[in-house]
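Remarks on the structure that follows.
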Amino acid sequence: MEKISPRTLSGFMELLPGRQVLFDKMAEMLRGSFSLYGFTPLDTPLVESAEVLLAKGGGETEKQIYRFNKGDSDLALRFDLTVPLAKYVALHGGALTFPFRRYQIGKVYRGERAQRGRFREFYQADIDIIGDGSLDIMNEAEIPSIIYRSFTTLGLTKFVIRVNNRKVLTGLFELTGVGQKAADVMRIIDKLEKIGINKVREMLENEAGVDADQAEQILDIVTCQERGEEPIEKLSSLKGKNETFDTGLFELEAVIKHMAEFGVPNSHFQIDLTIARGLDYYTGTVYETTMTEHPEIGSICSGGRYDNLAEYYTNRKLPGVGISIGLTRLFFVLEDGGYLNDALMTAPADVLILPMTDDMGPAVSLATAMRQEGLRVQIYAENKKFKARLSYADKLKIPYVVFMGEDELSKGLITVKNMVSGEQTTASAAMITTALKDSIPGIRSGVPIREPKK
RNA sequence: GUGGGUAUAGCUCAGUUGGUUAGAGCACCGGAUUGUGGUUCCGGGGGUCGAGGGUUCAAAUCCCUUUACCCACCCCA
(Lines give C-alpha, C1' and ligand atoms only; values in the text may rest on other atoms or scores of the structure.)
Protein backbone atom coordinates (compact mmCIF):
# COMPACT_ATOMS: atom_id res chain seq x y z
CA MET A 1 0.00 0.00 0.00
CA GLU A 2 1.30 3.41 -0.89
CA LYS A 3 1.93 5.49 2.19
CA ILE A 4 0.91 9.07 2.55
CA SER A 5 3.94 11.02 3.61
CA PRO A 6 3.40 12.34 7.11
CA ARG A 7 3.91 16.06 7.37
CA THR A 8 3.02 19.04 9.47
CA LEU A 9 1.78 22.19 7.80
CA SER A 10 4.14 25.13 7.50
CA GLY A 11 3.73 27.53 10.38
CA PHE A 12 2.26 24.88 12.64
CA MET A 13 4.31 23.49 15.46
CA GLU A 14 4.62 20.09 17.06
CA LEU A 15 6.92 19.35 19.95
CA LEU A 16 8.51 16.11 21.04
CA PRO A 17 7.46 14.96 24.52
CA GLY A 18 10.46 16.42 26.32
CA ARG A 19 9.94 19.92 24.94
CA GLN A 20 6.19 19.69 25.40
CA VAL A 21 6.73 19.19 29.12
CA LEU A 22 8.82 22.36 29.18
CA PHE A 23 6.23 24.27 27.19
CA ASP A 24 3.56 23.25 29.67
CA LYS A 25 5.78 24.29 32.57
CA MET A 26 6.11 27.71 31.01
CA ALA A 27 2.32 28.01 30.65
CA GLU A 28 1.85 26.80 34.21
CA MET A 29 4.24 29.45 35.54
CA LEU A 30 2.35 32.14 33.65
CA ARG A 31 -0.95 30.95 35.09
CA GLY A 32 0.61 31.20 38.52
CA SER A 33 1.70 34.78 37.89
CA PHE A 34 -1.68 35.82 36.51
CA SER A 35 -3.58 34.36 39.42
CA LEU A 36 -1.48 36.43 41.82
CA TYR A 37 -3.22 39.46 40.36
CA GLY A 38 -6.68 38.03 40.78
CA PHE A 39 -7.41 36.97 37.22
CA THR A 40 -9.88 34.20 36.57
CA PRO A 41 -9.31 31.57 33.87
CA LEU A 42 -11.45 31.52 30.75
CA ASP A 43 -11.76 29.35 27.69
CA THR A 44 -13.73 30.12 24.56
CA PRO A 45 -14.27 28.18 21.32
CA LEU A 46 -11.55 28.00 18.70
CA VAL A 47 -14.19 28.29 16.01
CA GLU A 48 -16.68 31.11 15.90
CA SER A 49 -19.17 32.35 13.42
CA ALA A 50 -17.30 34.40 10.82
CA GLU A 51 -19.74 37.24 11.29
CA VAL A 52 -18.77 37.53 14.96
CA LEU A 53 -15.02 37.40 14.36
CA LEU A 54 -15.13 39.81 11.45
CA ALA A 55 -17.55 42.24 13.06
CA LYS A 56 -15.02 45.00 12.80
CA GLY A 57 -14.41 44.19 9.18
CA GLY A 58 -11.74 45.10 6.70
CA GLY A 59 -8.00 45.25 7.08
CA GLU A 60 -5.46 42.54 7.63
CA THR A 61 -7.74 40.46 9.78
CA GLU A 62 -10.02 39.73 6.89
CA LYS A 63 -7.09 38.70 4.70
CA GLN A 64 -5.44 36.51 7.29
CA ILE A 65 -8.34 34.76 8.91
CA TYR A 66 -8.97 31.07 8.28
CA ARG A 67 -12.53 30.92 7.06
CA PHE A 68 -14.58 27.95 5.89
CA ASN A 69 -18.06 26.63 5.42
CA LYS A 70 -19.70 23.66 7.05
CA GLY A 71 -23.11 23.17 5.59
CA ASP A 72 -24.72 26.58 5.62
CA SER A 73 -22.58 28.00 8.41
CA ASP A 74 -19.90 30.55 7.64
CA LEU A 75 -17.21 29.80 10.20
CA ALA A 76 -13.75 31.06 11.09
CA LEU A 77 -10.87 30.23 13.43
CA ARG A 78 -10.14 32.90 16.01
CA PHE A 79 -7.11 35.02 15.10
CA ASP A 80 -6.69 36.42 18.59
CA LEU A 81 -8.26 36.05 22.02
CA THR A 82 -9.48 39.61 22.34
CA VAL A 83 -12.33 39.54 19.85
CA PRO A 84 -13.75 36.35 21.36
CA LEU A 85 -13.49 38.05 24.75
CA ALA A 86 -15.47 40.98 23.44
CA LYS A 87 -18.18 38.63 22.27
CA TYR A 88 -18.04 36.81 25.58
CA VAL A 89 -18.55 39.87 27.74
CA ALA A 90 -21.24 41.21 25.43
CA LEU A 91 -23.06 37.88 25.63
CA HIS A 92 -22.56 37.07 29.30
CA GLY A 93 -22.14 40.59 30.66
CA GLY A 94 -25.25 40.24 32.76
CA ALA A 95 -23.76 37.33 34.65
CA LEU A 96 -20.25 38.76 35.11
CA THR A 97 -18.94 40.94 37.90
CA PHE A 98 -17.08 44.04 36.75
CA PRO A 99 -14.31 44.98 36.55
CA PHE A 100 -13.90 41.58 34.98
CA ARG A 101 -10.36 40.22 35.12
CA ARG A 102 -9.70 37.15 33.06
CA TYR A 103 -6.71 35.33 31.64
CA GLN A 104 -6.83 32.93 28.75
CA ILE A 105 -4.15 30.76 27.20
CA GLY A 106 -5.07 29.31 23.86
CA LYS A 107 -4.20 28.77 20.24
CA VAL A 108 -4.96 31.37 17.60
CA TYR A 109 -4.73 31.16 13.81
CA ARG A 110 -3.44 33.51 11.17
CA GLY A 111 -3.23 32.55 7.53
CA GLU A 112 -0.05 34.45 6.69
CA ARG A 113 3.31 33.26 5.39
CA ALA A 114 5.28 31.62 8.14
CA GLN A 115 8.83 32.70 8.92
CA ARG A 116 11.15 33.01 11.88
CA GLY A 117 9.09 33.74 14.98
CA ARG A 118 5.89 33.84 12.95
CA PHE A 119 3.48 30.99 13.01
CA ARG A 120 0.10 30.29 11.54
CA GLU A 121 -0.99 28.51 14.65
CA PHE A 122 0.41 29.81 17.89
CA TYR A 123 -0.39 30.23 21.55
CA GLN A 124 -1.31 33.51 23.10
CA ALA A 125 -1.64 34.18 26.80
CA ASP A 126 -3.98 37.10 27.27
CA ILE A 127 -4.91 39.04 30.34
CA ASP A 128 -7.58 41.69 30.22
CA ILE A 129 -9.48 43.85 32.64
CA ILE A 130 -12.89 44.98 31.44
CA GLY A 131 -14.79 47.75 33.16
CA ASP A 132 -18.49 48.51 33.14
CA GLY A 133 -18.89 52.01 31.72
CA SER A 134 -15.50 53.15 32.95
CA LEU A 135 -12.13 51.77 33.99
CA ASP A 136 -9.60 53.55 36.16
CA ILE A 137 -6.17 54.36 34.76
CA MET A 138 -4.65 52.47 37.69
CA ASN A 139 -5.40 49.30 35.76
CA GLU A 140 -3.28 50.51 32.88
CA ALA A 141 -0.34 50.92 35.23
CA GLU A 142 -0.85 47.52 36.81
CA ILE A 143 -0.64 45.61 33.53
CA PRO A 144 3.10 46.22 32.99
CA SER A 145 3.81 44.99 36.48
CA ILE A 146 2.10 41.72 35.59
CA ILE A 147 4.32 41.43 32.52
CA TYR A 148 7.33 42.19 34.67
CA ARG A 149 6.43 39.58 37.25
CA SER A 150 5.54 36.94 34.66
CA PHE A 151 8.78 37.34 32.76
CA THR A 152 11.04 37.51 35.78
CA THR A 153 9.32 34.45 37.24
CA LEU A 154 10.32 32.60 34.09
CA GLY A 155 13.89 33.70 34.70
CA LEU A 156 14.02 36.35 32.00
CA THR A 157 15.84 39.55 32.78
CA LYS A 158 16.75 41.03 29.45
CA PHE A 159 13.54 42.66 28.29
CA VAL A 160 12.08 46.12 28.07
CA ILE A 161 8.44 47.10 28.39
CA ARG A 162 7.85 50.09 26.17
CA VAL A 163 4.92 52.33 26.83
CA ASN A 164 3.25 54.95 24.74
CA ASN A 165 -0.13 56.58 24.42
CA ARG A 166 -2.01 56.80 21.18
CA LYS A 167 -3.75 60.00 22.19
CA VAL A 168 -0.35 61.64 22.44
CA LEU A 169 0.43 60.60 18.88
CA THR A 170 -3.00 61.45 17.53
CA GLY A 171 -2.81 64.88 19.20
CA LEU A 172 0.68 65.43 17.88
CA PHE A 173 -0.44 64.61 14.35
CA GLU A 174 -3.36 67.00 14.64
CA LEU A 175 -1.05 69.70 15.94
CA THR A 176 1.28 69.32 13.00
CA GLY A 177 -1.60 69.31 10.56
CA VAL A 178 -1.41 65.68 9.44
CA GLY A 179 -4.45 64.51 11.41
CA GLN A 180 -6.12 63.25 8.27
CA LYS A 181 -3.22 60.96 7.53
CA ALA A 182 -2.83 59.71 11.11
CA ALA A 183 -3.13 56.01 10.28
CA ASP A 184 -0.41 56.09 7.62
CA VAL A 185 1.84 58.32 9.65
CA MET A 186 1.52 56.02 12.65
CA ARG A 187 2.33 53.00 10.55
CA ILE A 188 5.48 54.62 9.20
CA ILE A 189 6.63 56.08 12.53
CA ASP A 190 6.36 52.59 13.96
CA LYS A 191 9.16 51.46 11.63
CA LEU A 192 11.68 53.94 13.00
CA GLU A 193 13.71 51.44 14.94
CA LYS A 194 13.79 49.00 12.08
CA ILE A 195 14.59 51.16 9.07
CA GLY A 196 16.02 54.33 10.56
CA ILE A 197 15.13 57.99 10.52
CA ASN A 198 16.14 58.74 6.93
CA LYS A 199 13.95 56.11 5.37
CA VAL A 200 11.09 57.08 7.63
CA ARG A 201 11.44 60.70 6.55
CA GLU A 202 11.37 59.57 2.95
CA MET A 203 8.32 57.39 3.44
CA LEU A 204 6.44 60.10 5.30
CA GLU A 205 6.91 62.43 2.36
CA ASN A 206 6.43 59.94 -0.47
CA GLU A 207 3.88 57.51 0.87
CA ALA A 208 1.89 59.54 3.37
CA GLY A 209 2.18 62.86 1.56
CA VAL A 210 3.47 64.74 4.58
CA ASP A 211 5.33 68.03 4.02
CA ALA A 212 9.02 68.06 4.77
CA ASP A 213 8.71 70.44 7.71
CA GLN A 214 5.72 68.59 9.12
CA ALA A 215 7.73 65.37 8.99
CA GLU A 216 10.61 67.16 10.70
CA GLN A 217 8.37 68.42 13.52
CA ILE A 218 7.01 64.95 14.17
CA LEU A 219 10.38 63.25 13.99
CA ASP A 220 11.88 65.86 16.30
CA ILE A 221 9.42 64.89 19.04
CA VAL A 222 9.29 61.20 18.43
CA THR A 223 13.03 60.61 18.32
CA CYS A 224 13.88 62.93 21.19
CA GLN A 225 15.04 60.05 23.37
CA GLU A 226 17.80 59.05 21.02
CA ARG A 227 19.22 62.52 21.46
CA GLY A 228 19.11 62.13 25.23
CA GLU A 229 16.07 64.31 25.82
CA GLU A 230 13.43 63.43 28.38
CA PRO A 231 10.21 62.51 26.52
CA ILE A 232 7.80 63.82 29.14
CA GLU A 233 9.59 67.19 29.22
CA LYS A 234 9.71 67.34 25.46
CA LEU A 235 5.99 66.60 25.24
CA SER A 236 5.16 69.10 28.00
CA SER A 237 6.40 71.89 25.79
CA LEU A 238 3.42 71.25 23.52
CA LYS A 239 0.84 71.26 26.29
CA GLY A 240 -2.32 73.36 26.04
CA LYS A 241 -2.71 73.34 22.29
CA ASN A 242 -4.67 70.18 21.66
CA GLU A 243 -7.16 68.45 23.95
CA THR A 244 -6.46 64.91 22.81
CA PHE A 245 -2.75 65.48 23.21
CA ASP A 246 -3.17 66.86 26.73
CA THR A 247 -5.33 63.93 27.80
CA GLY A 248 -2.79 61.49 26.37
CA LEU A 249 0.09 63.21 28.13
CA PHE A 250 -1.80 63.19 31.42
CA GLU A 251 -2.50 59.46 31.03
CA LEU A 252 1.06 58.67 30.05
CA GLU A 253 2.42 60.48 33.07
CA ALA A 254 -0.03 58.72 35.37
CA VAL A 255 0.81 55.30 33.98
CA ILE A 256 4.54 55.89 34.33
CA LYS A 257 4.19 57.12 37.88
CA HIS A 258 2.00 54.24 39.06
CA MET A 259 4.02 51.63 37.20
CA ALA A 260 6.97 52.45 39.39
CA GLU A 261 4.78 52.09 42.47
CA PHE A 262 3.67 48.68 41.22
CA GLY A 263 7.27 47.62 41.29
CA VAL A 264 8.44 47.79 37.67
CA PRO A 265 12.07 48.94 37.89
CA ASN A 266 13.29 51.79 35.69
CA SER A 267 15.64 49.46 33.91
CA HIS A 268 12.77 47.46 32.48
CA PHE A 269 10.48 50.06 31.02
CA GLN A 270 10.75 53.11 28.86
CA ILE A 271 8.55 55.58 27.14
CA ASP A 272 8.83 54.95 23.44
CA LEU A 273 6.97 57.43 21.30
CA THR A 274 7.50 55.34 18.20
CA ILE A 275 5.42 52.36 19.18
CA ALA A 276 2.00 52.88 17.79
CA ARG A 277 0.21 49.82 16.75
CA GLY A 278 -0.50 46.40 17.97
CA LEU A 279 -3.98 45.70 16.74
CA ASP A 280 -5.83 48.80 15.81
CA TYR A 281 -8.52 48.82 18.48
CA TYR A 282 -6.26 50.49 21.02
CA THR A 283 -7.29 54.01 21.99
CA GLY A 284 -4.89 55.14 24.71
CA THR A 285 -2.01 53.49 26.49
CA VAL A 286 -0.15 50.93 24.41
CA TYR A 287 2.54 48.48 25.47
CA GLU A 288 5.10 46.49 23.61
CA THR A 289 7.66 44.20 25.19
CA THR A 290 10.78 43.14 23.35
CA MET A 291 13.66 40.91 24.31
CA THR A 292 16.93 42.80 24.40
CA GLU A 293 18.82 39.83 22.99
CA HIS A 294 16.22 38.89 20.38
CA PRO A 295 15.21 42.03 18.55
CA GLU A 296 14.70 39.99 15.37
CA ILE A 297 11.80 38.08 16.85
CA GLY A 298 9.82 41.26 17.33
CA SER A 299 7.30 42.03 20.01
CA ILE A 300 6.68 39.18 22.34
CA CYS A 301 3.95 40.82 24.31
CA SER A 302 1.83 43.77 23.37
CA GLY A 303 -1.45 45.35 24.27
CA GLY A 304 -3.11 48.44 25.50
CA ARG A 305 -6.23 50.29 26.38
CA TYR A 306 -9.38 50.07 24.30
CA ASP A 307 -12.31 52.29 25.09
CA ASN A 308 -15.11 50.22 23.78
CA LEU A 309 -14.22 46.62 23.27
CA ALA A 310 -17.66 45.21 22.62
CA GLU A 311 -19.15 48.01 20.56
CA TYR A 312 -19.91 45.69 17.66
CA TYR A 313 -21.99 43.40 19.85
CA THR A 314 -23.73 45.56 22.43
CA ASN A 315 -24.70 49.09 23.35
CA ARG A 316 -23.24 48.59 26.78
CA LYS A 317 -19.98 50.48 27.09
CA LEU A 318 -17.19 48.16 28.18
CA PRO A 319 -13.75 49.79 28.22
CA GLY A 320 -10.78 47.61 28.94
CA VAL A 321 -7.07 47.16 29.02
CA GLY A 322 -5.13 44.03 28.23
CA ILE A 323 -2.08 42.39 26.81
CA SER A 324 -1.28 39.37 24.80
CA ILE A 325 1.88 37.35 25.26
CA GLY A 326 3.10 35.36 22.25
CA LEU A 327 3.78 32.09 24.00
CA THR A 328 5.19 30.32 20.99
CA ARG A 329 7.73 33.10 20.51
CA LEU A 330 8.39 33.27 24.21
CA PHE A 331 9.10 29.54 24.26
CA PHE A 332 11.80 29.87 21.63
CA VAL A 333 13.40 32.75 23.50
CA LEU A 334 13.38 30.76 26.72
CA GLU A 335 14.87 27.70 25.04
CA ASP A 336 17.49 29.73 23.24
CA GLY A 337 18.53 31.47 26.42
CA GLY A 338 18.77 28.17 28.29
CA TYR A 339 16.03 29.13 30.73
CA LEU A 340 14.19 25.87 30.17
CA ASN A 341 16.57 23.08 30.99
CA ASP A 342 16.79 19.79 32.80
CA ALA A 343 16.16 21.49 36.09
CA LEU A 344 12.57 21.94 34.95
CA MET A 345 12.32 18.59 33.25
CA THR A 346 9.98 16.14 34.87
CA ALA A 347 9.64 12.49 33.93
CA PRO A 348 6.15 11.30 33.01
CA ALA A 349 6.19 8.85 35.93
CA ASP A 350 7.95 8.39 39.25
CA VAL A 351 7.93 4.61 39.22
CA LEU A 352 7.99 1.96 36.51
CA ILE A 353 6.81 -1.49 37.61
CA LEU A 354 8.27 -4.47 35.78
CA PRO A 355 6.19 -7.60 36.30
CA MET A 356 8.44 -10.58 35.55
CA THR A 357 6.03 -13.44 36.03
CA ASP A 358 2.98 -14.37 33.98
CA ASP A 359 0.66 -13.18 36.70
CA MET A 360 0.20 -9.42 36.38
CA GLY A 361 -2.06 -9.36 39.43
CA PRO A 362 0.56 -8.34 42.02
CA ALA A 363 1.88 -5.58 39.73
CA VAL A 364 -1.57 -4.12 39.21
CA SER A 365 -2.28 -4.21 42.95
CA LEU A 366 1.01 -2.53 43.73
CA ALA A 367 0.41 0.17 41.09
CA THR A 368 -3.03 0.86 42.56
CA ALA A 369 -1.65 1.07 46.10
CA MET A 370 1.18 3.41 45.02
CA ARG A 371 -1.18 5.66 43.07
CA GLN A 372 -3.36 5.82 46.15
CA GLU A 373 -0.32 7.34 47.87
CA GLY A 374 0.10 9.92 45.13
CA LEU A 375 2.95 8.27 43.25
CA ARG A 376 2.84 8.41 39.47
CA VAL A 377 3.15 4.85 38.31
CA GLN A 378 3.37 2.97 35.03
CA ILE A 379 3.28 -0.79 34.57
CA TYR A 380 5.46 -2.14 31.78
CA ALA A 381 3.31 -5.00 30.57
CA GLU A 382 4.97 -5.70 27.24
CA ASN A 383 6.72 -9.00 26.75
CA LYS A 384 10.14 -7.55 25.97
CA LYS A 385 13.60 -8.39 27.08
CA PHE A 386 14.73 -7.19 30.42
CA LYS A 387 17.22 -4.73 29.02
CA ALA A 388 14.57 -3.23 26.76
CA ARG A 389 12.37 -2.62 29.78
CA LEU A 390 15.12 -0.89 31.71
CA SER A 391 15.99 1.09 28.64
CA TYR A 392 12.40 2.31 28.54
CA ALA A 393 12.72 3.70 32.07
CA ASP A 394 16.06 5.20 31.17
CA LYS A 395 14.79 6.99 28.08
CA LEU A 396 11.78 8.43 29.86
CA LYS A 397 14.04 9.33 32.80
CA ILE A 398 11.74 7.51 35.22
CA PRO A 399 13.76 7.60 38.45
CA TYR A 400 12.64 4.32 40.07
CA VAL A 401 12.03 0.85 38.67
CA VAL A 402 10.35 -1.90 40.68
CA PHE A 403 11.16 -5.54 39.87
CA MET A 404 8.52 -8.13 40.67
CA GLY A 405 10.10 -11.49 39.88
CA GLU A 406 9.86 -15.01 41.25
CA ASP A 407 12.65 -14.40 43.76
CA GLU A 408 10.92 -11.43 45.35
CA LEU A 409 7.32 -12.58 45.12
CA SER A 410 8.01 -15.92 46.76
CA LYS A 411 9.16 -14.02 49.86
CA GLY A 412 6.40 -11.41 49.63
CA LEU A 413 8.91 -8.70 48.78
CA ILE A 414 9.74 -6.40 45.86
CA THR A 415 12.98 -4.86 44.62
CA VAL A 416 13.34 -1.19 43.76
CA LYS A 417 16.18 0.19 41.68
CA ASN A 418 17.23 3.80 41.79
CA MET A 419 17.99 4.56 38.15
CA VAL A 420 20.26 7.44 39.02
CA SER A 421 22.54 5.80 41.57
CA GLY A 422 22.00 2.24 40.41
CA GLU A 423 21.31 1.14 43.99
CA GLN A 424 18.82 -1.66 44.59
CA THR A 425 16.82 -2.45 47.71
CA THR A 426 14.61 -5.44 48.43
CA ALA A 427 11.87 -4.94 51.03
CA SER A 428 8.13 -5.15 51.57
CA ALA A 429 5.90 -3.22 49.16
CA ALA A 430 4.59 -1.07 52.00
CA MET A 431 8.06 -0.01 53.12
CA ILE A 432 9.18 0.80 49.61
CA THR A 433 6.04 2.78 48.87
CA THR A 434 6.58 4.88 51.99
CA ALA A 435 10.24 5.45 51.17
CA LEU A 436 9.47 6.49 47.60
CA LYS A 437 6.71 8.79 48.73
CA ASP A 438 9.23 10.65 50.87
CA SER A 439 11.88 10.98 48.19
CA ILE A 440 9.72 11.74 45.18
CA PRO A 441 8.78 15.40 45.77
CA GLY A 442 12.43 16.38 45.41
CA ILE A 443 12.89 14.19 42.35
CA ARG A 444 9.78 15.51 40.68
CA SER A 445 10.99 19.07 40.57
CA GLY A 446 13.85 18.00 38.36
CA VAL A 447 15.92 15.10 37.20
CA PRO A 448 19.17 14.90 39.18
CA ILE A 449 22.45 14.65 37.35
CA ARG A 450 23.21 11.05 36.58
CA GLU A 451 26.30 9.70 38.34
CA PRO A 452 29.03 8.60 35.98
CA LYS A 453 29.33 4.87 35.53
CA LYS A 454 32.33 3.29 37.22
C1' G B 1 0.18 38.73 -2.35
C1' U B 2 5.84 40.04 -3.82
C1' G B 3 11.15 38.64 -3.90
C1' G B 4 15.30 35.14 -2.83
C1' G B 5 17.04 30.22 -1.29
C1' U B 6 16.68 24.93 -0.38
C1' A B 7 14.90 19.82 -1.43
C1' U B 8 19.68 13.02 -0.93
C1' A B 9 17.89 7.37 4.98
C1' G B 10 13.34 8.70 10.64
C1' C B 11 16.86 13.35 11.85
C1' U B 12 21.41 16.48 10.53
C1' C B 13 24.06 16.51 6.25
C1' A B 14 28.42 14.70 2.51
C1' G B 15 28.31 13.27 -2.61
C1' U B 16 34.46 15.92 -7.12
C1' U B 17 34.48 18.47 -14.39
C1' G B 18 27.80 14.04 -15.33
C1' G B 19 30.78 7.82 -14.94
C1' U B 20 30.15 1.02 -11.75
C1' U B 21 26.08 -1.28 -6.50
C1' A B 22 24.43 6.68 -3.50
C1' G B 23 27.60 7.53 1.80
C1' A B 24 28.55 9.37 7.14
C1' G B 25 26.96 10.69 12.03
C1' C B 26 22.76 10.34 15.13
C1' A B 27 18.33 7.37 15.87
C1' C B 28 16.26 2.33 15.39
C1' C B 29 16.80 -3.29 15.67
C1' G B 30 19.97 -7.61 17.00
C1' G B 31 24.42 -9.72 19.44
C1' A B 32 28.68 -9.57 23.08
C1' U B 33 25.46 -9.48 28.38
C1' U B 34 18.60 -15.30 28.65
C1' G B 35 17.06 -10.70 35.90
C1' U B 36 20.00 -5.07 35.01
C1' G B 37 19.64 0.79 31.56
C1' G B 38 22.74 5.06 30.44
C1' U B 39 29.43 3.56 28.31
C1' U B 40 32.10 0.32 24.72
C1' C B 41 32.61 -3.21 20.67
C1' C B 42 30.43 -6.16 16.54
C1' G B 43 26.46 -6.79 13.13
C1' G B 44 21.69 -5.40 10.67
C1' G B 45 17.39 -3.03 8.46
C1' G B 46 16.17 1.32 6.10
C1' G B 47 16.67 5.72 -0.16
C1' U B 48 11.71 5.80 -6.78
C1' C B 49 18.10 11.29 -4.55
C1' G B 50 10.61 16.09 -3.53
C1' A B 51 7.41 15.14 -8.18
C1' G B 52 6.96 15.29 -13.69
C1' G B 53 9.35 15.96 -18.29
C1' G B 54 13.92 16.87 -21.30
C1' U B 55 19.40 16.55 -22.84
C1' U B 56 23.03 12.30 -22.82
C1' C B 57 25.96 6.01 -24.19
C1' A B 58 25.32 7.46 -18.93
C1' A B 59 21.82 12.25 -14.46
C1' A B 60 21.48 12.90 -7.25
C1' U B 61 24.73 16.07 -10.54
C1' C B 62 22.85 19.87 -16.56
C1' C B 63 17.92 22.27 -18.52
C1' C B 64 12.47 23.16 -18.08
C1' U B 65 7.94 22.69 -15.28
C1' U B 66 5.69 21.84 -10.63
C1' U B 67 5.05 21.13 -5.39
C1' A B 68 6.68 21.64 -0.51
C1' C B 69 9.65 23.92 2.97
C1' C B 70 12.96 28.00 4.68
C1' C B 71 14.30 33.28 4.67
C1' A B 72 12.81 38.37 3.74
C1' C B 73 8.85 42.13 2.52
C1' C B 74 3.62 43.33 3.81
C1' C B 75 1.52 42.67 8.52
C1' C B 76 2.00 40.92 13.35
C1' A B 77 2.45 37.55 19.20
Side-chain angles (χ1 to χ4, degrees), chain A residues 2-3 5-13 16 59-65 78-82 105-126 147 187-188 190-191 194-195 199 203 207 275-280 287-291 294 296-303 322-333 352 354-357 380 383-409 414-424 426 447 449-454:
Chain A
E2 179 132 4
K3 304 298 180 198
S5 79
R7 64 215 118 115
T8 305
L9 262 21
S10 166
F12 289 70
M13 186 180 64
L16 290 173
E60 287 298 316
T61 302
E62 189 122 30
K63 283 186 220 156
Q64 295 188 350
I65 201 162
R78 63 188 183 198
F79 57 88
D80 67 11
L81 298 176
T82 308
I105 297 181
K107 284 177 170 175
V108 301
Y109 297 83
R110 295 187 189 173
E112 53 187 338
R113 272 295 158 77
Q115 62 182 267
R116 177 184 298 285
R118 295 183 54 192
F119 299 85
R120 289 174 165 169
E121 177 190 66
F122 59 99
Y123 276 94
Q124 288 195 329
D126 274 35
I147 302 174
R187 201 191 76 235
I188 296 166
D190 198 62
K191 293 181 191 297
K194 203 166 184 182
I195 65 177
K199 286 208 167 169
M203 285 178 76
E207 288 183 29
I275 70 155
R277 287 173 301 158
L279 288 175
D280 50 7
Y287 320 98
E288 193 159 299
T289 305
T290 47
M291 310 307 301
H294 292 274
E296 82 287 351
I297 215 165
S299 173
I300 216 155
C301 162
S302 64
I323 49 149
S324 182
I325 302 176
L327 280 203
T328 307
R329 280 182 182 175
L330 181 61
F331 183 63
F332 281 96
V333 169
L352 180 71
L354 302 188
M356 272 136 46
T357 58
Y380 193 95
N383 184 23
K384 291 273 173 63
K385 294 201 170 160
F386 199 73
K387 61 186 295 183
R389 303 179 187 211
L390 273 182
S391 166
Y392 176 84
D394 189 55
K395 280 177 188 152
L396 294 188
K397 297 189 171 24
I398 298 174
Y400 292 99
V401 174
V402 167
F403 304 150
M404 300 182 80
E406 295 289 359
D407 300 356
E408 290 88 359
L409 289 177
I414 60 174
T415 295
V416 65
K417 178 184 174 88
N418 179 328
M419 290 297 281
V420 178
S421 66
E423 271 175 72
Q424 287 187 205
T426 302
V447 172
I449 306 299
R450 172 177 286 144
E451 290 174 8
K453 194 180 180 180
K454 291 153 209 150

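Only this structure's heavy atoms are used, side chains among them; waters, hydrogens and symmetry mates stay out. Proteins get letters first, then strands, A, B, ... in listed order; numbering begins at 1 in each.
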Worksheet, complete the sentence: When rounded to whole Å, the CG to P distance for the pair A:Leu390 and B:G35 reads 11 Å
Practice prompt. Under 4.0 Å between any heavy atoms, over every strand shown, what does A:Gly298 touch: base, sugar-phosphate, or nothing? Just pick one.
Written response: nothing
Practice prompt. Classify the nucleic acid contact of A:Tyr392 as base, sugar-phosphate or nothing, counting any heavy atom under 4.0 Å across all strands shown.
Written response: nothing
Worksheet item: Does a nitrogen or oxygen in the side chain of A:Thr328 sit under 4.0 Å from OP1 or OP2 of B:A77?
Response: no
Worksheet item: Do the side-chain N or O atoms of A:Lys395 get closer than 4.0 angstrom to the phosphate oxygens (OP1, OP2) of B:C28?
Response: yes
Worksheet item: Rounding to a whole Å, what distance do you find between A:Leu352:CG and B:G38:C1'?
Response: 15 Å
Worksheet, complete the sentence: For A:Tyr109, the ring-ring contact (aromatic ring centres under 6.0 Å, His included) test, sequence neighbours excluded, returns none
Fill in: N/O donor-acceptor pair, side chain A:Asp394 with base B:G37, under 3.5 angstrom
yes
Practice prompt. Represent RNA chain B in dot-bracket notation, 5' to 3'. Only Watson-Crick or G-U wobble pairs with both distances under 3.5 Å count; pseudoknot-style crossings use [ ] and interstrand partners use |.
Written response: (((((((..((((.....[...)))).(((((.......))))).....(((((..]....))))))))))))....
Discussion item. Quick check against the 3.5 Å criterion: does A:Arg110 have a side-chain atom that pairs as donor or acceptor with the backbone of A:Phe79?
Written reply: yes
Practice prompt. Test for a donor-acceptor pair under 3.5 Å between the base of B:U36 and the side chain of A:Lys387, counting only N and O atoms.
Written response: no
Practice prompt. Establish whether the base of B:G35 is bridged to the side chain of A:Glu408 by a donor-acceptor pair shorter than 3.5 Å.
Written response: yes
Worksheet item: Just by protein heavy atoms under 4.0 Å, how would nucleotides 67-73 of chain B read 5' to 3' in B, S and -?
Response: --SSSBB
Fill in: Ring-on-base stacking B:A77 with A:Phe119 (under 5.5 Å, under 30°)
no
Discussion item. Determine whether a donor-acceptor pair (N or O, by modelled atom type, separation under 3.5 Å) exists between the side chain of A:Arg113 and the backbone of A:Gly11.
Written reply: no
Discussion item. Please give the distance between the C1' atoms of B:G45 and B:A9 as a whole number of Å.
Written reply: 11 Å
Fill in: B:A27 versus B:U21 - spacing of their C1' atoms, nearest Å
25 Å
Practice prompt. Report which part of the nucleic acid A:Phe403 touches: base, sugar-phosphate, or nothing (heavy-atom distance under 4.0 Å, all strands).
Written response: base
Worksheet item: With a non-hydrogen cut-off below 4.0 angstrom, is A:Ile300 in contact with a base, only sugar-phosphate, or nothing?
Response: sugar-phosphate
Worksheet item: So what does A:Lys385 hit on the nucleic acid, given a heavy-atom distance under 4.0 Å: a base, only sugar-phosphate, or nothing?
Response: sugar-phosphate
